[in-house]
Structure formats: structure tokens, C-alpha cells
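Every number for a ligand or one of its atoms is a count from 1 in the order of the listing.
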Amino acid sequence: MAAFSFFLFIATVSTLFATSSSSTITVNRNLTDGQTIISDEETFRMGFFSPTNTSTNRYFGIWYNKISVTTVVWVANRETPLNDTSGVLFLSDNGTLTLLNRTKNVIWSSNSSETGNNPVAKLLDTGNLMIRNSGDTNPDSYIWQSFDYPGNTFLPSMKFGIDFVRGINKNLVAWKTETDPSAGEYTNGFDPEGYPQILLRAGSEVRFNSGPWNGLRFSGMPNLQQNDIYTFGFELNSRELYYKYELVNNFTISRMILNPSGAIQRLIWIERRQVWDLYLTAQMDNCDRYGLCGPYGVCNIRENQACGCMRGFVPRFPDEWQRADWSNGCVRKAELGCADGGDGFVKMTGVKLPDTRKTRYNVSMNLEECERICLRDCNCTAYSSIDVRTGSGCLIWFDKLMDIRVYGENGQDVFVRMAASELHRNAEAKRKVRIIVIPVLVGFAVILGFCLFVFYKRRQKKKGITNLVREINFAIDNEREDWELPVFGFNTIANATNNFSDECKLGEGGYGPVYKGTLEGIEIAVKRHSRKSKQGLDEFQNEVKCIAKLQHRNLVRLLGCCIEEDERMLIYEYMPNKSLNSFIFDERKRKTLDWSKRYTIITGIARGLLYLHQDSRLRIIHRDLKASNILLDKDMNPRISDFGLARSMEGSKTEANTRRVMGTYGYMAPEYTIDGIYSTKSDVFSFGVLVLEIINGKKNRGFRHANHDLNLLGHAWRLYKNGKQLELMDDTIKGSYVQTQVNRAIHIGLLCVQKYPEDRPDMPLVVVMLGSQIPLPEPKQPGFYTERRRPQEADCSSSNPEWSSSNHLSVTYLQPR
Ligand SMILES: *[C@@H]1O[C@H](CO)[C@@H](O)[C@H](O)[C@H]1NC(C)=O
Ligand SMILES: *[C@@H]1O[C@H](CO)[C@@H](O)[C@H](O)[C@H]1NC(C)=O
Ligand SMILES: *[C@@H]1O[C@H](CO)[C@@H](O)[C@H](O)[C@H]1NC(C)=O
Ligand SMILES: *[C@@H]1O[C@H](CO)[C@@H](O)[C@H](O)[C@H]1NC(C)=O
Ligand SMILES: *[C@@H]1O[C@H](CO)[C@@H](O)[C@H](O)[C@H]1NC(C)=O
Ligand SMILES: *[C@@H]1O[C@H](CO)[C@@H](O)[C@H](O)[C@H]1NC(C)=O
Ligand SMILES: *[C@@H]1O[C@H](CO)[C@@H](O)[C@H](O)[C@H]1NC(C)=O
Ligand SMILES: *[C@@H]1O[C@H](CO)[C@@H](O)[C@H](O)[C@H]1NC(C)=O
Ligand SMILES: *[C@@H]1O[C@H](CO)[C@@H](O)[C@H](O)[C@H]1NC(C)=O
């Protein structure tokens with residue numbers, strides 16, 4: 001017994017010694033089962049392990065050190081497990097790592113052709129085990145590294161690809177099962193034939209094709225987009241070919257794996273929940289199954305029947321095709337007539353490029369040279385450019401075209417060879433269409449002209465609002481640049497609002513009163529700008545310019561305007577439920593807004609703002625987003641209103657500066673209030689404030705708490721830091737909420753109000769984050785989270801139901817410079 005404890009003691013000490021001493025194995029040290037080695041920053045650990053606690057198989061491998069769930073990233077003897085704990089790893093003096101079993105047989109060895117001179121094996125913080133000569137600092141002159149022989153895991157900073165100099169193709173090979181590291185059915189790696197692409201194979205059969213690199217991403221992986229989690233890149237030269245990614249933050253933990261059932265997945269470690277979350281999968285849908293539609297077939301996931309034939313092709317076996325067996329693909333309607341020199345090309349747009357194994361390429365050629373070369377070679381079936389950023393490079397195909405699918409926006413162009421007769425047929429078809437279409441268009445134009453004439457005549461007498469609405473829609477649909485807003489006469493509006501009577505008054509904005517009215521049975525709201533205010537005039541013109549061209553279900557719709565002498569009025573759809581602040585800040589009405597309604601409102605505002613920032617042609621920054629500027633339609637859908645302060649950002653400009661800082665305290669971002677810099681990110685800040693207000697039911701400005709001096713942002717931040725964010729929720733909706741949704745909304749709100757604009761997500765990301773389960777980064781401290789209040793300001797938060805901003809809250813001041 002005593003002897004046994006002594007033995008245990010020795011074992012413990014030697015383990016301690018091994019773990020604490022260093023991250024290296026030297027020639028004189030042996031590593032036995034039970035001992036482990038840790039990288040310098042303690043990110044990774046290596047040693048002997050069993051895949052499950054019931055298995056007696058022992059493997060030598062590398063796993064994450066700081067993660068509670070043991071996650072193995074590399075295994076040495078994956079095909080040859082030890083059946084007991086007698087394994088020994090040692091480094092021989094020629095630089096070979098060898099794993100021996102009890103009978104001193106070699107179970108596994110790092111068979112490098114290079115020999116060393118006083119070598120050391122070191123476990124790096126990237127998870128790479130590297131053998132090199134001690135003292136050698138050239139990063140490329142190693143003897144052997146585990147990153148050259150990846151298992152099922154592709155780690156950050158690993159070069160996934162082919163090392164032409166050493167002659168190594170670094171494939172991923174899936175495990176047989178989750179608990180058996182031996183080689184499974186699936187492999188994933190670059191195929192060096194033709195222009196390189198990554199092929200996923202089951203045995204020798206291709207199952208998924210990444211497509212060739214197009215300068216931005218792999219042609220068949222449109223979801224490989226710029227993101228906040230990792231950066232990625234591709235390299236192809238005479239020495240090496242690889243794809244690589246690096247994490248943006250060193251606190252994020254992410255890896256890519258090929259799982260036993262052949263899915264290529266990116267996983268992210270979620271510390272809070274202690275799980276690996278799926279971030280994305282390379283194969284998205286059925287159209288990603290290689291060869292589903294056969295040669296010259298085109299897959300389109302939006303069609304009922306996924307497969308179709310390219311233009312100029314018909315199904316090879318129509319019967320099979322009818323039965324949804326598309327694998328034999330399509331054949332040409334007309335054979336190529338190369339010898340006659342009559343062939344041409346048909347352009348396919350927005351597609352994933354065909355399998356590039358039977359291709360040749362030249363990265364410095366341009367598209368015209370490419371066409372010439374392809375035309376000259378009778379075996380060439382198609383060509384395209386290589387780099388979508390510059391449109392340069394030449395890729396030509398010499399075989400049947402396989403694995404094409406339609407993406408639309410994220411797709412590329414490919415030019416498919418076609419017999420001259422087919423080309424002519426297409427041209428003829430076009431001409432036919434023209435013969436039919438032109439008279440129809442002319443007829444339509446005549447009718448339209450007549451309508452407009454009648455409409456104009458009617459407008460001389462009495463304004464027809466239903467027609468006007470129709471005209472607005474028409475004009476927007478046609479995206480006419482020179483479109484003008486319908487104009488109403490003063491008397492029409494005066495009649496509609498009962499001569500601007502007080503009963504019709506809905507509220508008072510910073511620029512003047514808002515009235516309710518009825519025009520031809522349609523309820524309208526009329527914003528009457530005060531006569532004298534110069535600012536009112538500017539805002540009026542601005543609003544007309546901005547909103548006249550916008551249309552989105554989450555934006556309020558402008559029906560027309562009235563300009564007569566010094567009268568300036570805007571006519572909107574009437575919103576029966578007034579503004580958001582008449583609900584969330586009202587003791588009684590807030591109860592009617594349960595969690596699901598509030599969540600719908602949050603996502604609606606996010607979509608409206610996304611449209612303004614990105615999807616509208618004008619790229620508009622609202623600059624005065626707040627609860628009183630969110631109107632609610634009869635179904636309680638949010639509509640963003642009041643574009644008096646909005647600014648359009650031309651082209652690629654993303655940030656601007658103003659000397660007149662205008663907006664509303666409590667919603668304005670720090671960089672805007674202090675430096676006058678506004679950008680889409682300052683709207684994101686206001687959006688974040690709104691989200692927290694909608695959840696909490698109190699105004700950010702004017703927020704009071706018994707225990708501290710923080711405003712609502714500070715309060716939310718504090719609760720979040722203490723893991724008590726659910727306490728932020730409005731008491732009146734405690735019965736209706738979905739905990740994960742509330743947590744996520746608060747988290748996103750806090751991300752939006754971060755102090756520095758570059759930390760805040762942009763609206764496309766916010767919309768994605770709201771609508772998915774992607775992991776969220778940790779928020780940093782909000783901007784303006786403390787606020788010294790004067791009592792009279794706090795009173796401003798009293799809520800009178802109003803149609804627009806209350807003037808004492810919107811501010812304007814000149815920035816001292
Ligand atoms: C390490 O192991 C090898 C092979 O088992 C053995 O020859 C050598 O003596 C061992 N070295 C030490 C320092 O234990
Ligand atoms: C093996 O692990 C499972 C789950 O972690 C645990 O429930 C079980 O008790 C363990 N078995 C042994 C023999 O340790
Ligand atoms: C391991 O395998 C050897 C040879 O096959 C065998 O003699 C030994 O009993 C096995 N050990 C265990 C623990 O199964
Ligand atoms: C290195 O040494 C080991 C054992 O000492 C031997 O098996 C192996 O062949 C040697 N490798 C080279 C490249 O010389
Ligand atoms: C050691 O490995 C050799 C070769 O793989 C094998 O024949 C032998 O049975 C193994 N010994 C033990 C104890 O597992
Ligand atoms: C060792 O070398 C052989 C032959 O060159 C090769 O097939 C094998 O994959 C190599 N093993 C490792 C682990 O490098
Ligand atoms: C993470 O990065 C920061 C800043 O780049 C650095 O100060 C810190 O030491 C890094 N932490 C680790 C664990 O690498
Ligand atoms: C690639 O194209 C350029 C420009 O046409 C030409 O100068 C070069 O020789 C070509 N390279 C190869 C390998 O064909
Ligand atoms: C075209 O392909 C055929 C058969 O694959 C081959 O015999 C012929 O030489 C090729 N022609 C050219 C110009 O490469």
C-alpha cells in the first residue's frame with residue numbers, strides 16, 4: 001500500500017514536472033502516458049488520451065487546453081491506437097518523433113526526409129507541433145510540423161493546401177465516427193488538376209466542389225463573406241497553394257472541421273454556454289451536391305424543379321429528366337461547327353463556375369484574349385475571367401461543363417460556346433419578342449399619356465388622391481430620377497382638415513403642428529411647417545427630397561405636398577396608432593405591447609434602417625431616430641418617419657462632418673454630439689438606445705434608479721455585466737417574454753451603443769443577428785452611460801402622445817471649431 005502511494009506520488013510529481021517545465025520535447029526527454037506538454041500561452045496541450053472514458057484505446061494528440069469540453073485537434077497514431085498506457089513518445093537525434101508501445105515497436109513516426117542537428121519539438125500556441133533545429137529561427141526551415149498532416153481539423157493560421165516544394169497535399173480526413181479517429185469515408189482538399197478548387201470526396205467520388213477562387217472567395221461558397229470573426233485569403237504560386245484564415249480577436253475560439261458524415265463546418269466556442277456552436281456549413285442546399293444536374297445542367301434552388309438545361313441544350317434523356325433523375329444532364333441542340341469557324345458564345349450571368357479540373361488558365365490575360373484563344377481551339381467549351389474584382393485572368397474549359405448553379409448577385413459570368421445556328425436562333429427569338437413588345441409598349445405609352453392628361457385636368461379642379469397614390473407607386477416602380485411629388489392646393493388641404501381646426505390637431509412638432517384629415521375617403525396626416533422658421537424650410541425641402549424616393553414597409557409614406565406662398569405642408573398616410581413613445585412610455589398603453597409585438601417592432605425598425613443605409617439608392621442617414629419618430633400602423637408595424645434631419649451619403653462615402661449638430665439628446669452617439677461626425681454608425685447607436693428603451697419602457701434620458709447615477713444605457717450595461725440583464729425587462733411584459741430572445745435583443749442593443757463607432761455592428765449585421773442564432777461578440781462599454789441630470793430636463797420625458805418630435809427635445813447647436 002505504501003509502495004503504491006509512493007508510486008502515485010512519483011507519477012504526480014513527474015506529471016507536474018512535465019506540465020510546468022516547458023512546451024518542448026528535447027532529444028533526451030521521453031514523454032510517457034500521463035505526462036502532457038502545454039504551449040507557451042497555455043492555449044493547447046498535448047499528450048495521450050482516450051476518445052471516450054469507456055475506451056481503452058490510447059492516442060497521442062493535441063487538444064485545446066482552456067476549454068472545458070476536451071476537443072482534440074490533431075492525432076498522431078489515428079490508425080494505430082495503443083491498447084494500454086505503456087506508450088512512449090521520444091525524439092531521436094536525427095529529428096524524428098517516434099511513438100513506441102510496450103514491446104518497443106514503432107506505432108507511429110514523423111517520417112521526415114530531412115534530418116536534424118540537435119532538434120527540439122515544440123508545441124506552438126497555434127496548435128502546431130513543430131520539429132526544428134534548436135537555434136534555427138527561419139520560419140520556413142522546419143524539419144517536420146503537424147500542420148502539414150492535419151486530421152479532421154483546419155485551425156487558424158494553418159495553410160490548407162499544397163506545398164509543392166515538400167510535395168505535401170494537406171487534406172482533411174474525417175474521423176470514422178465521433179469517437180474513432182481512424183480515417184473515415186470523407187476527405188476534403190485542393191485538387192491540383194486545372195485551376196485549383198477544393199473537392200470534398202467520399203472515397204473517390206466527388207460530393208462537393210468549392211469552385212475556384214475568384215479573388216474574393218471560392219466561386220461556390222457565397223456565404224464566405226467578410227465578417228467580424230475571421231479574415232481569410234488564398235495564395236497560388238509556384239511554391240505553394242493554400243487557403244488560410246486568421247481570427248480577428250484572440251479571445252474568439254473557432255475551428256473548421258470535416259465531420260464524420262462529410263459536412264464541412266465552422267464552429268465557434270461559446271464560453272458562456274460551454275458549447276461549440278455551428279457558425280456555417282460549406283454545403284448549403286441540394287444544389288451543392290456535385291453533379292446533381294449532370295453535364296450542361298444548371299441547378300437553381302429557387303425553382304420547383306432544381307435542375308434545368310443551359311440555353312441551347314436539352315435533356316439527354318427526357319424520360320429520366322421527368323422523373324427527376326438529372327444525372328445524365330443535357331446535350332446540345334445543335335452540334336458545334338468548329339471547322340467552319342462559325343461558333344460563338346452565350347453569356348451566363350450570376351452562376352457558380354463549372355468544375356475546373358479540365359481547364360487551363362493564365363492570370364495575366366484579359367477577357368478579349370481569352371475569347372480569342374477559346375474560339376481558336378475546337379475543344380474549348382467555355383471561358384471566363386478569374387478575378388471578379390478586376391475582371392482579369394483567363395480560365396478556359398476543355399470538357400463538358402459540370403456543377404453549375406445559379407446564385408444571382410453573388411455569382412459570376414461564364415461564356416459558353418455555342419453553334420452559330422443556335423446563336424442566330426436566339427437573336428431571331430429576340431427580334432420576335434421585339435416585334436411583339438414594341439407595339440404593346442407604344443400602346444401602353446399612349447394610354448398612359450392619356451391617363452396623365454386626364455389626371456392633370458382633374459387636378460386642376462380637385463385633387464384625386466387615389467390617383468396620386470397610384471402615380472407615386474408608378475413613378476417609384478420606374479425609378480424615374482426626375483420624379484416630382486404630387487402637389488395639392490392649399491384649399492384642398494384646408495378642407496380636408498376642417499380648416500386646420502384644433503379638433504383635427506394631432507400634435508406639435510419642432511417645425512409646426514400636425515393635423516389629421518380626410519381626402520377622398522383616405523385618412524391623411526398633414527405636417528404644416530411654421531411660416532417663419534428658416535430651419536423649418538430647410539427641413540421641409542430635405543424631407544421632400546429624401547422621402548419622396550423611398551418606399552419600404554417600415555418607412556412612413558409621403559403622399560404629396562403643398563407649397564403655396566409661404567405655406568409648406570407635407571401630406572402622409574395617417575397612422576392610427578400614433579408613435580411608439582405614446583405606447584412604451586405610457587403607464588396604461590404599454591401593457592398592450594407584449595413581448596412579441598415589441599420584438600416585431602424592433603426587427604421592423606432594423607429593416608427600415610437597413611433599407612435607408614444600404615438598399616435605397618440614396619444611402620440615407622436618418623440622424624434623428626427616436627421613439628417619437630417611429631409611427632405605428634394599424635397592425636402595429638413600425639414606420640420610421642421624420643426625415644427633416646436626414647442626409648444622403650453619396651457613393652462610397654461612409655462618414656461626414658457637420659458644424660450644425662442636430663438630433664435628440666439621449667439618442668445621439670458620442671462622436672456625433674462631440675465632434676459632429678455622423679455616419680450610419682451614429683444611427684446604429686440611436687437604434688441601440690431605442691432597442692433598450694423598447695425592452696425597458698423607460699427613456700434613456702431621464703432614467704432614474706435608486707442605487708446609481710447611470711442612465712438607461714449604463715443601467716443595462718451594469719445588469720449585463722452582472723449576468724442579470726433580464727431584470728432590464730419592463731415589468732408589465734414579464735408574463736409574455738421569450739427569454740433567449742430578450743437576452744439576445746439586449747445583447748444586440750448593447751453592441752449598438754458601444755462607445756466607438758467601429759465597434760458597433762452595421763445594420764446588415766444587426767438584421768442578421770436579430771434573425772439568426774449566430775454567436776454575438778461581447779459588447780464593450782457603451783458611450784454616454786452616465787449623465788448628470790438637471791431636474792427640469794428629466795421632466796421632458798413626460799409623454800404626451802404626439803405625431804412628431806417634441807421641440808424641446810430636438811436640439812441644434814453650432815459646433816465650436
Ligand atoms: C527514452 O526512450 C527510449 C526508447 O524507449 C530509450 O531508449 C531511452 O533510453 C529513453 N530515454 C530516457 C531519458 O528515458
Ligand atoms: C463517462 O462519462 C459520462 C459522461 O461524461 C459519465 O456520465 C460517466 O459516469 C463516465 N464514466 C466513467 C466510467 O467515468
Ligand atoms: C494489448 O495487445 C497485446 C498484443 O495484441 C496483448 O498481448 C495485450 O494483452 C493487450 N493488452 C490489453 C490491456 O488488452
Ligand atoms: C532517424 O532515426 C530513427 C531511429 O533512430 C530511424 O528509424 C530513422 O530512419 C532515422 N531517419 C532518418 C531520416 O534518418
Ligand atoms: C506493439 O506493436 C506491434 C506492431 O504493431 C505489435 O505487433 C505488438 O503486439 C504490440 N505490442 C503491444 C504490447 O501492444
Ligand atoms: C511516411 O512516409 C510514407 C512513405 O513516404 C508515407 O506514405 C506516409 O504517409 C508517411 N507518414 C507520415 C505520418 O508522414
Ligand atoms: C490578445 O491580444 C491583446 C492585444 O492584441 C494582447 O494584449 C493580449 O496579450 C493577447 N492575449 C493573448 C492571450 O494572446
Ligand atoms: C499569359 O498571358 C500573357 C499575356 O497574354 C502572356 O504574355 C504569357 O506568355 C501567358 N503565359 C502563359 C504561361 O501562357
Ligand atoms: C481535342 O480533343 C481530342 C480528343 O480529346 C484530341 O484528339 C484532339 O487532339 C484535341 N484537339 C486539340 C486542338 O487539342
Would you call Lys66 and Glu42 a salt bridge, using N to O less than 4.0 angstrom?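 Salt bridge absent between Lys66 and Glu42.
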
Lys/Arg N to Asp/Glu carboxylate O, Asp84 vs Arg58, below 4.0 Å: no

Tyr142 six-ring face occupied by Arg166 cation (under 6.0 Å, within 45°): yes

Please could you name the atoms of ligand 8 that Ser364 approaches to less than 4.0 Å, counting only its heavy atoms? 1 (C), 2 (O), 3 (C)

Within ligand 8, which atoms have a heavy atom of Met365 less than 4.0 Å away?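 Listed by number with element: 2 (O), 5 (O).
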
Checking Ser134 now: which residues fulfil side chain to side chain donor-acceptor pair (under 3.5 Å) with it, not counting sequence neighbours?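 Counting only residues at least two positions away or on another chain, Ser134 forms a side chain to side chain donor-acceptor pair (under 3.5 Å) with Asn118.
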
Looking only at non-hydrogen atoms, find the nearest pair between Trp397 and Thr356 and report the distance.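 Closest pair (atom of Trp397, atom of Thr356, distance): CZ2-CG2, 3.8 Å.
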
Just checking Gln274: does its CD atom have more than 12 heavy atoms from other residues, nucleotides or ligands closer to it than 6.0 angstrom? yes

Checking side-chain contact (heavy atoms from CB on, under 4.5 Å) against Leu200, which of Asp288, Leu258, Val206, Leu172 comes through?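 Among Asp288, Leu258, Val206, Leu172, the one that satisfies the side-chain contact (heavy atoms from CB on, under 4.5 Å) with Leu200 is Leu258.
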
Identify, chain by chain and in numerical order, each protein residue with a heavy atom under 4.0 Å from an atom of ligand 5.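 For ligand 5, the residues that come within the 4.0 Å heavy-atom cutoff are Asn83, Asn101, Arg102, Thr103, Asn105, Ile107.
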
